[in-house]
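Encoded as structure tokens, the structure appears first; notes follow it.
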Amino acid sequence: MSPEFHDELSLADRAVALGEQAMQQGIIPSFVVRHFPDSRQFLLPDDTAEPMTPEEAYLKFKKMLGQI
């Protein structure tokens, strides 16, 4: 199985796609992505945790979708 991402940008894009999938399935109502010149931060509006890195968001969304 080949990886779904090759670098930080493609990892962040995959995390966005998983977040959108979680929204479509009604698992989360929404999420926010903050774009910075060199990185992105992911936030769940009802989550009191710190902003997530693309890696953290990817793993969290995969877990929510039952793919881990």
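Keep in mind the model is a prediction, meaning the values are calculated, not measured. Side-chain atoms are counted along with the backbone in the values below, which use heavy atoms only and exclude waters and symmetry mates.
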For residues 10-30, which side-chain N or O atoms pair as donor and acceptor with protein atoms under 3.5 Å away, sequence neighbours left out?
unit_1, atom_1, unit_2, atom_2, d
Ser10, OG, His6, N, 2.7
Ser10, OG, Asp7, N, 3.0
Ser10, OG, Asp7, O, 3.1
Ser10, OG, Asp7, OD1, 2.9
Asp13, OD1, Arg40, NH1, 2.9
Asp13, OD1, Arg40, NH2, 3.0
Arg14, NE, Glu4, OE1, 2.9

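Annotation: ring-ring contact (aromatic ring centres under 6.0 Å, His included) contacts of Phe61 (sequence neighbours excluded): Phe31.
Tracing side-chain contacts under 4.5 Å through hydrophobic residues (I, L, V, M, F, W, Y), one never reaches Tyr58 starting from Leu9; they form parts of separate clusters.
Contact record, Glu56 with Pro51: OE1-O, 4.0 Å, taken as the closest heavy-atom pair.
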Side chain to side chain contact (heavy atoms under 4.5 Å, CB included) evaluation trace for Met52 with Leu59:
CA-CA 10 Å; Met52 296 179 284; Leu59 292 172; over 6 Å; no

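Rounded to the nearest 0.5 angstrom, Gln41 CD and Glu50 CD are separated by 9.0 Å.
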